[in-house]
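Each remark here refers to the structure printed beneath this line.
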Amino acid sequence: QVQLEESGGGLVQAGGSLRLSCAASGDTISTKAMGWFRQVPGKERDLVAVINRDGSSTYYTSSVKGRFTISRDNGKNSVYLQMNSLKPDDTAVYYCAARSNIFIAYTASAYNYWGQGTQVTVSP
């Protein structure tokens, strides 16, 4: 059983940057694909970026491509999301997720473990 804890959210002006961190405990993430998802009230939880177990493969939703970077440090049992050139449309609760599989998946239902989320608010 792996526990995930996000940090690094906050309020930032449009054009600014934030770096989200996800610290895992209880089990290693080195055998797990990891992802970041986001959700706004009344909408489904949407994929932002995912990464395979060794970081050799990543995928980004089109709206963040070129602005966000997902990375992982298996030695620190952590995953990160560097967010640059933030836009008001990026405002959401961001969740870290892990799945008990080495391969990337693109839907929230494929992920077994979730953090509590961290709020990111981008002002105009």
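This structure is a prediction, so every number in the text was calculated from the model and none was measured.
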- Could you state the interatomic distance from CD (E44) to OG (S109), rounded to the nearest 0.5 Å? 10.0 Å
- Query: Taking atom CD of Q119 as the centre, does the number of heavy atoms from other residues, nucleotides or ligands within less than 6.0 Å exceed 12?
  - Reply: yes
- Query: For residues 60-75, which residue pairs qualify under salt bridge (charged side-chain N to carboxylate O under 4.0 Å, His left out), counting only residues two or more places apart or in two chains?
  - Reply: R67-D90
- Query: Is the count of non-hydrogen atoms from other residues, nucleotides or ligands lying under 6.0 Å from Q3 atom CD greater than 12?
  - Reply: yes
- Item | Non-neighbouring partners of S56 that pass side chain to side chain donor-acceptor pair (under 3.5 Å), sequence neighbours left out | N52, D54
- Message: Quick check for you: to the nearest 0.5 Å, what is the distance between T118 atom OG1 and R38 atom CZ?
- Response: 14.0 Å
- So which residues get pulled into L47's cluster when ILVMFWY side chains under 4.5 Å apart are joined, directly or through others? F37, V50, Y59, V93, Y95, I104, Y106, Y111, W114
- N112: partners by side-chain contact (heavy atoms from CB on, under 4.5 Å), with sequence neighbours left out: R99, S100
Identify all side-chain donor-acceptor contacts of residues 22-31 below 3.5 Å with residues at least two apart in sequence or on another chain.
from: D27; atom 1: OD2; to: K32; atom 2: NZ; distance (Å): 3.0
from: T28; atom 1: OG1; to: S30; atom 2: N; distance (Å): 3.0
from: T28; atom 1: OG1; to: S30; atom 2: OG; distance (Å): 2.9

- Does V48 offer a backbone N or O that forms a donor-acceptor pair with the side chain of T61 under 3.5 Å? no
- Message: Quick one: does any side-chain atom of N101 pair with a main-chain N or O of A33 as donor and acceptor, under 3.5 Å?
- Response: no
Side-chain donor-acceptor contacts of residues 78-86 below 3.5 Å, not counting sequence neighbours, with atom names and distances?
from: S78; atom 1: OG; to: K76; atom 2: O; distance (Å): 2.9
from: Q82; atom 1: NE2; to: N84; atom 2: OD1; distance (Å): 2.9
from: N84; atom 1: OD1; to: S17; atom 2: OG; distance (Å): 3.0

